Each structure stands twice: as structure tokens, then as C-alpha cells.
Amino acid sequence: MLNKLFRRNTERPNLMLAERISLVKNEMIPTHIAIIMDGNGRWAKKRALPRVAGHHEGMKTVRKITRLANDLGVKALTVYAFSTENWKRPKMEVDFLMRLPEEFLGTYLPELIEQNVRVEMMGEIDSIPPHTHAAVNKAMLATKDNTGLVLNFALNYGSRSEITKATQSLAEQVKQGKLLPSEITEEMLSQHLMTCSLPEPDLLIRTSGEVRLSNFMLWQLAYTEFWFTDTLWPDFDESCLLDAVESYQKRNRRYGGLKGE
Ligand code: FPP
């Protein structure tokens with residue numbers, strides 16, 4: 001099973017990238033890809049660099065992958081940039097991570113605009129530093145009318161907290177007599193999540209060999225196809241994204257039903 005999940009593309013190793021891209025475009029493209037970008041620290045350690053050098057390199061990977069995902073016709077790309085648990089890291093690393101959106105958007109916003117990408121953010125935004133919030137807000141405003149890929153940053157995001165807040169909000173409606181407990185549906189809960197405007201992810205990618213969800217989109221990933229790779233996030237390139245999408249294109253999604261239904 002794990003072998004299948006970790007399988008790299010060995011069938012068409014000599015195809016040029018452009019040719020692979022055009023073949024992939026002929027098949028079903030995942031509408032929403034979610035990525036747990038893991039392995040930045042190990043990438044840096046292997047090079048005797050500080051951990052933050054790995055995060056900085058990882059930022060460049062976000063640029064590459066956004067560009068290709070948009071080109072493939074992916075509609076939404078959610079990247080796990082900072083979890084509600086990441087505050088436990090050393091202050092210096094947290095400060096660096098909270099500066100990265102500014103650097104990323106400060107450097108690449110013009111090309112995101114040119115590529116028709118719309119920037120979005122989900123997470124407990126009130127507790128991120130004002131400078132981070134301001135940088136992302138500025139990009140969201142500047143790209144709000146764009147119709148290409150939605151680049152959704154999960155920033156100070158935690159799925160259990162998200163589900164808890166959605167539940168509290170529905171409970172409040174019950175308390176006010178607007179809703180009966182028996183009237184609560186899955187759809188209503190989905191509509192109270194931070195992803196309410198996005199389709200559920202079709203494909204989840206986690207890099208660096210870790211095989212867990214780390215409190216990421218637990219509700220939304222119920223029927224998502226998973227792709228795990230040993231590649232560390234800073235090394236994840238266009239060819240790796242194509243590996244993942246090619247694997248997705250061979251999956252038989254049954255949603256609990258039977259093959260062919
Ligand atoms: C996990 O790797 C990665 C993170 C907690 C941060 C992810 C952030 C980026 C990839 C930077 C991109 C951000 C923007 C805003 C463009 P890790 O540090 O846990 O790696 P390790 O497991 O090897 O230590």
C-alpha cells in the first residue's frame with residue numbers, strides 16, 4: 001500500500017517536462033490541490049544551514065508550484081504555511097515564518113497578478129502579527145478580481161479549532177431557536193468552515209516522508225486522494241507535481257460506491 005502511495009513516476013522518465021504537461025492536461029485535472037509542505041528543516045540541516053534557510057527555499061517552491069498548478073488549470077491550491085501548533089517553535093523561527101508571506105508577496109505579487117492568480121488566506125488571522133496580516137490583505141485586495149488559480153494560504157490554521165468554531169456557531173443558532181439539532185446537515189457544517197467558498201480538495205500532497213495529516217483540513221479531506229513523497233519541500237519541483245497529478249489521474253474515485261458507478 002505504502003509503495004503505491006510513494007510511487008514515483010518511472011514509466012515515462014525520459015519525457016520532457018513540456019510534453020508531460022501537455023499529456024497531463026489531456027486528462028482530469030484536480031480542481032483543488034492541498035499541500036502539507038514539510039521537510040524544510042531537514043533540507044537545511046543536510047546542508048549545514050540554519051532551519052530558516054530551508055523555509056526560505058521552500059518559499060521559492062511555492063512560487064514554482066503555483067505557476068505550474070495555474071498552468072495546468074487547477075482552480076485552487078491550499079498551502080499549509082503555518083499551523084496553530086507551529087507557535088511552539090523557537091521565537092526566531094516563528095518570526096521568520098511570519099515574515100515570509102511579506103517577502104513572498106513583496107517579490108512575486110506582480111507575477112501572481114500577471115498570471116491571474118487570486119490570493120486568499122484561511123486561519124486564525126486575529127492572532128498573526130499585523131505586518132503579516134497587512135501583507136496578505138494587500139495581496140488579497142490586489143488580486144480579488146482575478147479568475148485564475150486561488151492560492152490559499154493556511155496561516156495559523158488548525159482544523160480541529162475550525163470544526164469546533166463551526167459547531168459553536170451552529171449551536172448558537174440552535175440556542176436562538178433558528179435551527180433544530182436534527183436539521184443540522186453536513187452541508188451546513190461545511191458552509192461554516194473557512195473553506196466554504198472552495199471545493200473540497202481532490203488531491204492532498206505531503207512531502208518529506210511523513211504520513212500524517214497534522215490537523216490539516218480534517219473535514220475537507222474525507223474523500224481526497226493522498227500522495228506522499230519522500231522529497232523534501234524545497235526540492236519539490238514541477239516534475240514532482242506532475243508525478244502527483246499523474247498518480248491522481250490513475251485513481252478510481254468511488255466515494256464509497258462501486259467501481260464504474
Ligand atoms: C514544515 O517543515 C514547514 C513549515 C512549518 C512551514 C512551511 C512554510 C513554507 C514552505 C514557506 C512558504 C511560505 C510562504 C508564505 C510562501 P519543517 O520545518 O517542519 O521541516 P522539518 O520537518 O524537516 O523540520
Side-chain angles (χ1 to χ4, degrees), residues 33-70 76-113 115 117-125 127-140 142-143 149-159 204-217 228-237 240-241 244:
I33 300 180
I35 309 187
I36 303 177
M37 311 180 287
D38 200 3
N40 297 343
R42 276 163 284 168
W43 183 93
K45 192 171 176 196
K46 270 169 63 179
R47 289 161 179 77
L49 294 170
R51 289 179 54 78
V52 293
H55 295 314
H56 195 260
E57 202 60 26
M59 178 188 78
K60 297 183 197 162
T61 304
V62 175
R63 176 200 187 194
K64 266 190 267 188
I65 297 311
T66 301
R67 182 189 286 264
L68 177 56
N70 193 29
L77 178 68
T78 297
V79 289
Y80 205 4
F82 194 91
S83 79
T84 45
E85 287 72 37
N86 285 152
W87 296 106
K88 295 175 197 154
R89 295 185 176 211
K91 183 175 180 313
M92 183 267 194
E93 185 172 342
V94 169
D95 289 348
F96 189 89
L97 283 169
M98 285 296 165
R99 287 275 170 203
L100 269 187
E102 267 168 285
E103 180 174 347
F104 177 82
L105 295 165
T107 313
Y108 302 125
L109 186 57
E111 70 179 47
L112 293 173
I113 292 172
Q115 291 161 27
V117 169
R118 178 154 64 87
V119 174
E120 280 291 345
M121 155 173 72
M122 68 174 187
E124 297 184 19
I125 302 308
S127 19
I128 64 174
H131 61 83
T132 316
H133 198 169
V136 185
N137 259 343
K138 182 181 158 208
M140 283 169 59
T143 61
L149 175 92
V150 175
L151 174 59
N152 182 33
F153 287 100
L155 209 51
N156 196 23
Y157 172 83
S159 181
L204 170 86
I205 297 170
R206 182 167 189 151
T207 57
S208 91
E210 307 295 347
V211 192
R212 56 176 171 264
L213 288 181
S214 302
N215 201 15
F216 187 53
M217 300 182 91
F228 297 104
T229 172
D230 285 335
T231 304
L232 305 175
W233 178 248
D235 292 327
F236 192 89
D237 60 11
C240 300
L241 181 64

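All values reported here derive from a predicted model rather than from experimental measurement. All heavy atoms count here, side chains included; hydrogens, waters and symmetry mates do not. Just so you know, ligand 1 is whichever comes first in the structure, and atom 1 is the first atom listed for that ligand.
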Closer than 4.0 Å to some heavy atom of [X] - which atoms of ligand 1 meet that?
| X | answer |
| --- | --- |
| R42 | 21 (P), 22 (O), 23 (O) |
| A81 | 6 (C), 7 (C), 8 (C) |
| F104 | 16 (C) |

I'd like to check whether [X] has a polar contact with ligand 1, where a contact means an N/O of the residue lying under 3.5 Å from an N/O of the ligand.
| X | result |
| --- | --- |
| W43 | no |
| N86 | no |
| V62 | no |
| D38 | yes |
| W233 | no |

Proximal candidate to atom 14 (C) of ligand 1 [heavy atom criterion; set F82, Y108, F153] | F153
In terms of its nearest heavy atom to atom 11 (C) of ligand 1, the top option of T132, L100, T107 is L100
Heavy-atom nearest neighbour in the protein, as seen from [atom], with distance rounded to 0.1 Å:
| atom | answer |
| --- | --- |
| atom 10 (C) of ligand 1 | N40 ND2, 3.2 Å |
| atom 1 (C) of ligand 1 | M37 O, 3.3 Å |
| atom 19 (O) of ligand 1 | R89 NH2, 2.8 Å |
| atom 4 (C) of ligand 1 | H55 CE1, 4.0 Å |

Does [X] reach ligand 1, in the sense of a heavy atom lying below 4.0 Å from it?
| X | answer |
| --- | --- |
| S208 | no |
| R51 | yes |
| E103 | no |

Any ion pair linking E120 and R118 (charged N to carboxylate O, less than 4.0 Å)?
-> yes
Is E103 salt-bridged to K60, going by a charged N under 4.0 Å from an acidic O?
-> no
Close side-chain approach of L232 to K46, heavy-atom, < 4.5 Å = yes
Got T78 and M122 here, is their nearest side-chain heavy-atom distance under 4.5 Å?
-> yes
Ring centres under 6.0 angstrom apart (F153, F104) | yes
Side chains of R99 and T132: donor-acceptor distance under 3.5 Å anywhere?
-> no
Would you say the side chains of T229 and R206 form a donor-acceptor pair under 3.5 Å?
-> no
For K64, look at atom NZ and say whether over 12 heavy atoms of other residues, nucleotides or ligands are found less than 6.0 Å away.
-> yes
Which atom of Y80 lies closest to which atom of N215, heavy atoms considered = OH-O, 3.4 Å
Do you know the tightest heavy-atom contact between N137 and M121?
-> OD1-CE, 4.4 Å
Is ligand 1 under 4.0 Å from a heavy atom in the side chain of E57, in the backbone, in both, or in neither?
-> neither
Please determine if R47 forms a cation-pi arrangement with W43, meaning its NZ or CZ atom is less than 6.0 Å from the six-membered ring centre and no more than 45° off the ring axis.
-> yes
